[in-house]
Amino acid sequence: MQEDSPVQNENTPDAPHTEQPQRAGRRNRLIVLSAAALVALGLGGVAVATTGGDHPAPAAVSLDAQTRAEAASRADRSARESSTPVSPSASPTPSPSAASASPTPAKTATAKAKPKPKKTTKPTPAWVDPMPGAAVTSCYGQRWGTLHAGIDLALPSGTPIRAAAAGTVTQAGDASDGYGNSVFIDHGNGYLTHYAHQSRIAVTVGQKVKAGQVIGYEGATGDATGPHLHFEVHQGMWNQIDPAPFMRSHGVDLGC
């Protein structure tokens with residue numbers, strides 16, 4: 001008995017044998033593309049595996065390892081960038097401590113010590129009071145029927161008498177006529193001054209004196225009722241004039 005051999009129909013397609021590998025290949029490509037997309041999205045720790053088909057599945061892709069590798073690369077790159085030396089600024093700003101450390105120029109001696117004003121002696125006027133502070137006891141004019149030809153100035157006995165102006169001593173001693181110890185000073189301008197009744201004379205004839213210089217001391221020699229200075233001004237020798245207006249014209253007020 002002859003066995004019936006199966007009759008192969010030429011029109012019957014080999015679908016089971018030809019389509020299975022193709023589908024498996026398409027599935028594998030889709031899986032690989034999906035895994036690549038997941039890597040691009042940064043989803044770490046997901047392992048993609050392919051199955052099915054007659055061909056072996058591709059190796060699993062470890063996204064966690066790739067993520068760690070990228071992190072290590074970034075850390076290495078960051079370390080390299082931080083170790084890059086920074087170039088100094090073109091114009092560095094000095095720190096406050098450095099500025100304070102800079103020495104301050106010392107002040108010069110002239111700026112530190114102001115020159116002290118010189119003590120100057122007040123110049124003596126050309127004409128002065130022959131006995132400052134004295135009381136006037138008699139002025140120039142008629143007294144007891146005779147001319148009192150001078151001004152009497154009184155202070156305690158021994159008070160210094162001063163030259164009314166600069167000049168030269170022409171007489172020093174007893175002048176007679178009741179004047180007692182007297183000093184005459186020629187001032188070189190046609191005028192002389194006379195100082196009478198002194199207790200003691202302090203200059204000599206021919207001596208040059210200055211205004212205010214002590215020439216003697218008050219007393220009561222000659223015709224005097226008490227210690228005082230009899231002061232006269234002569235326009236030429238023995239031509240007595242009133243001392244009050246003359247001395248006022250030279251800036252001295254004798255009180256008469």
Side-chain angles (χ1 to χ4, degrees), residues 117-256:
K118 294 181 179 179
K119 292 182 179 180
T120 56
T121 304
K122 188 177 180 180
T124 303
W127 289 78
V128 299
D129 190 331
M131 202 160 68
V136 177
T137 57
S138 182
C139 292
Y140 177 91
Q142 293 293 324
R143 188 179 63 177
W144 304 318
T146 58
L147 177 63
H148 182 247
I151 296 176
D152 291 344
L153 304 170
L155 277 174
S157 181
T159 299
I161 299 170
R162 303 177 184 276
T168 305
V169 177
T170 57
Q171 291 189 33
D174 190 351
S176 68
D177 293 337
Y179 286 111
N181 294 329
S182 298
V183 171
F184 289 80
I185 299 174
D186 186 351
H187 300 289
N189 57 356
Y191 292 89
L192 293 86
T193 50
H194 177 198
Y195 311 81
H197 305 308
Q198 296 185 36
S199 61
R200 181 164 60 91
I201 296 173
V203 291
T204 58
V205 175
Q207 182 178 342
K208 302 289 184 182
V209 295
K210 298 178 180 179
Q213 180 176 337
V214 176
I215 59 173
Y217 299 89
E218 180 187 0
T221 59
D223 295 337
T225 58
H228 68 280
L229 166 65
H230 178 83
F231 176 70
E232 296 180 350
V233 175
H234 296 202
Q235 188 174 6
M237 192 62 181
W238 296 112
N239 184 23
Q240 296 98 323
I241 62 174
D242 189 349
F246 177 86
M247 293 296 288
R248 276 197 299 271
S249 68
H250 291 82
V252 180
D253 187 359
L254 295 181
C256 287

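Atoms considered below: every heavy atom in the structure, side chains included; atoms not considered: hydrogens, waters and symmetry mates.
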Return a table of donor-acceptor pairs under 3.5 angstrom between the side chains of residues 200-213 and protein atoms on other chains or two or more places apart.
residue: Q207; atom: OE1; partner: T204; partner atom: N; Å: 3.2
residue: K208; atom: NZ; partner: T168; partner atom: OG1; Å: 2.8
residue: Q213; atom: OE1; partner: K210; partner atom: N; Å: 3.1

Using a 4.5 Å cut-off on heavy atoms from C-beta on, say whether the side chain of N239 contacts that of H234.
-> no
If a pair satisfies salt bridge (charged side-chain N to carboxylate O under 4.0 Å, His left out) and one of its residues is in residues 133-152, list it, with sequence neighbours excluded.
-> R143-D152
Looking only at heavy atoms, the pair that brings G180 and T221 closest together is CA-OG1, 3.6 Å
Yes or no on side-chain contact (heavy atoms from CB on, under 4.5 Å) for L254 and F231, after CA distance, side-chain angles and deciding distance?
-> CA-CA 10 Å; L254 295 181; F231 176 70; 4.0 Å; yes
On a heavy-atom basis, the closest approach of Q142 and L147 is OE1-N, 3.7 Å
Could you tabulate the donor-acceptor pairs under 3.5 Å formed by side-chain atoms of residues 172-179, not counting sequence neighbours?
residue: D174; atom: OD1; partner: S176; partner atom: N; Å: 2.9
residue: Y179; atom: OH; partner: E232; partner atom: OE2; Å: 3.1

Hey, could you give me the CG/CE distance between D253 and M247, rounded to the nearest 0.5 Å?
-> 10.0 Å
For the pair S199 (side chain) and G158 (backbone), establish whether a donor and an acceptor sit closer than 3.5 Å, ignoring hydrogens and angles.
-> no
What one should report as the nearest heavy-atom pair of P156 and T159 is O-OG1, 2.7 Å
Aromatic plane relationship, W127 with H250 - under 30° parallel, 30 to 60° tilted, over 60° perpendicular = tilted
First locate atom CG of L155, then atom OH of Y217, and finally report the distance between them rounded to the nearest 0.5 Å.
-> 14.5 Å
Stepwise side-chain contact (heavy atoms from CB on, under 4.5 Å) check, S182 with Q171 | CA-CA 7 Å; S182 298; Q171 291 189 33; over 6 Å; no
Nearest 0.5 Å please: distance from the NE2 atom of H230 over to the NE2 atom of H194.
-> 6.5 Å
Are side-chain heavy atoms of H228 and E218 found at a separation under 4.5 Å?
-> yes
Are any of the side-chain heavy atoms of Y140 and C256 separated by less than 4.5 Å?
-> no
Going by heavy atoms in the side chains, are R248 and F246 under 4.5 Å from each other?
-> no
In terms of heavy-atom contacts, I151 and P243 come closest through CD1-CB, 3.9 Å
For I161 and Q198 the tightest heavy-atom approach is CD1-CG, 3.6 Å
Donor-acceptor under 3.5 Å (S157 side chain, G219 main chain) | no
Under 3.5 Å, side chain of H197 to main-chain N/O of P227, donor-acceptor pair present?
-> no
I185 and A165: which non-hydrogen atoms are nearest, and at how many Å?
-> CG2-O, 4.4 Å
Look at the side chain of Y195 and the backbone N and O of A164, then say whether any donor-acceptor pair between them is shorter than 3.5 Å.
-> yes
